[in-house]
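Have a look at the structure below, then the notes.
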Number of protein chains: 2
Amino acid sequence: MATGRTHRPATRSRGIPEATVARLPLYLRALTALSERSVPTVSSEELAAAAGVNSAKLRKDFSYLGSYGTRGVGYDVEYLVYQISRELGLTQDWPVVIVGIGNLGAALANYGGFASRGFRVAALIDADPAMAGKPVAGIPVQHTDELESIIRDNGVSIGVIATPAGAAQQVCDRLVAAGVTSILNFAPTVLSVPDGVDVRKVDLSIELQILAFHEQRKAGEEAAAGVAAQAAGTTAVPAAAREESSATDQGPDGDVPAVMPA
Amino acid sequence: MATGRTHRPATRSRGIPEATVARLPLYLRALTALSERSVPTVSSEELAAAAGVNSAKLRKDFSYLGSYGTRGVGYDVEYLVYQISRELGLTQDWPVVIVGIGNLGAALANYGGFASRGFRVAALIDADPAMAGKPVAGIPVQHTDELESIIRDNGVSIGVIATPAGAAQQVCDRLVAAGVTSILNFAPTVLSVPDGVDVRKVDLSIELQILAFHEQRKAGEEAAAGVAAQAAGTTAVPAAAREESSATDQGPDGDVPAVMPA
DNA sequence: CCATCTTTGTGCACGCGTTCACAAAGACAT
DNA sequence: ATGTCTTTGTGAACGCGTGCACAAAGATGG
């Protein structure tokens, strides 16, 4: 997962645990796929496999929503799609603004997964005057000056921040002041917001760092196991097992293109 | 947080809890900022505030790494930066490939947060022959056919999947077969991988859905509170409180650009 | 109508993560 | 050297989330 919610003392909203809420979209996606294949019913076991979770967990999750299953049969796909959609609030229209139309903002504007789930990109906003009017994903970019009026005129309550880190807090403050109460933050900064405003953070670099940690651990263990196996006469696969080395490490096989990104 | 790890029965890698590992990059970022401002030492209280966490939690997190603080003074910023970097494996070079150079892939290739933390974009890979050779972020895109040789020649162990959902599993299988053992998946699919391969998922749409859930709850509570307050003669702010409506909902104030993304 | 079989819904136990609160440790002044 | 003051490091308690395992519920066949 990208990174999660920004501190909230485990508020159990309307009795539904936070962990369950986070999994509902997963179930919804799996169910939608089944629905498209016209599958009428599905067991907790099958659905759990499709969503990549434990079946007991899935049943417990659904039990928070109510008793929507039929024992001996399973769950009615269409009915469950509707119930989860309603629970997540996806049966209504959510106008969303995206602030910061750089590479990432453009990617978000083009992302198809929004429209299909009740999210409507109401406006794209950027601070660069040269961007103003230029269409991205078929929507003309508007200047930051109009942020407040856009929010109010469209009744926007969800904002997406895809600006550089330096601008994020400022943009956030303006969004909140204009009435936005939920923010999805892609900028690598800790946003401070008043009570009652939800912030979720997605941080690409953090995810990679977590992977690197486990990767390093695997390499270490593998190296150790390799030595042990070697001593025993077995051949282990050292693959990418290389120890901590100098900064100009070239990898095991040399011959590296070595092109640096910006 | 975007969505988290894909099932792992709470493996405590080398005694460091998973939850702590996920916060280390956060601390590292705050510490780097302090380092750039030439701040020599920092207390757990200050650093916790900067990282947006509880100070007790931060101290406990650090205690898993060792006793790097000085009582009565705090932590040495430079030293802690080094220790955390080492723990996360960021003192070594991690070649990374990005597969799927659409809007998102390009955004990732341009993302500056990678290079500064030991990650090097070794190659950009796309299935579209028309993309081949075209430079993105200064790196020429290569065709999928070369995936295996790129992985092997560069000793790549971390892959980023930014393809459409339909291609993700196939790409994943090829990455794994070629030797990749850690995958960051941006495609909205559950990937199945053999044991020993780590997968982390970032799902933009899921994050928004979780926000929508809380937003809906807030609107509901607000409406209820509003009614109560109204009965008492007070005026509450109903802001974006509108109930479930038809699919072609235009928002409360009409006048919506109403352009749909792909 | 009864028996059997499948699958749900959940009580319970366990473990991880969080937080409190405090003793130990060191800096610093006298 | 001694006392005071600050801040760390951690023992202990608590709460949430997970997974097991089973009873209840309904379908299905005879």
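In what follows, chains are A, B, ... by sequence order, proteins preceding strands, each numbered from 1.
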Rounded interatomic separation in angstrom, taking CG from A:Asp61 and P from C:dT8: 14 Å
Residue pairs involving residues 186-212 of chain B (criterion ring-ring contact (aromatic ring centres under 6.0 Å, His included); sequence neighbours excluded): none
Rounded interatomic separation in angstrom, taking NZ from B:Lys57 and C1' from D:dA13: 17 Å
Integer-rounded Å distance: C:dT10 P and A:Leu65 CG: 12 Å
A:Tyr68 OH - C:dT10 C1' separation (whole Å): 17 Å
Interatomic distance, B:Asp198 atom CG to A:Leu211 atom CG [nearest 0.5 angstrom]: 6.5 Å
Distance below 4.0 Å between B:Ser43 side-chain N/O and D:dT7 OP1 or OP2: no
Under-4.0 Å side-chain N/O to phosphate OP1/OP2 contact, B:Asn54 with C:dC20: yes
Protein-nucleic acid N or O pairs under 3.5 Å, nucleotides 23-27 of chain D:
| unit_1 | atom_1 | unit_2 | atom_2 | d |
| --- | --- | --- | --- | --- |
| D:dA24 | N3 | A:Arg71 | NH1 | 2.6 |
| D:dA25 | O4' | A:Arg71 | NE | 3.4 |

Value rounded to 0.5 Å, distance of CD1 in A:Ile158 from CZ in A:Arg120: 11.5 Å
d(CD, B:Glu45; P, D:dT6) in whole Å: 14 Å
Distance, rounded to the nearest Å, where A:Glu18 contributes CD and C:dG17 contributes P: 17 Å
A:Lys60 (side chain) and D:dT18 (base): donor-acceptor pair under 3.5 Å: no
Under 3.5 Å side-chain donor-acceptor pair for A:Tyr82 and A:Glu78: no
Atom-to-atom span, CZ of A:Phe62 to C1' of C:dT7 - whole angstrom: 14 Å
Pairing residues for B:Ser182 by the side chain to side chain donor-acceptor pair (under 3.5 Å) criterion, not counting sequence neighbours: A:Glu215
B:Ala56 side-chain proximity, nearest of C:dG17, C:dT18, C:dA21: C:dA21
Separation of atom CG in A:Leu47 from atom P in C:dT6, rounded to whole Å: 20 Å
Sugar-phosphate only, base, or nothing, as touched by A:Tyr75 at under 4.0 Å among non-hydrogen atoms: sugar-phosphate
Approximate separation, where rounding is to 0.5 Å, of B:Thr91 OG1 and B:Arg117 CZ: 14.5 Å
Proximity of A:Tyr111 and A:Phe114 rings by center, below 6.0 Å: yes
Short side-chain N/O contact to C:dT18 OP1/OP2 from B:Arg59, under 4.0 Å: no
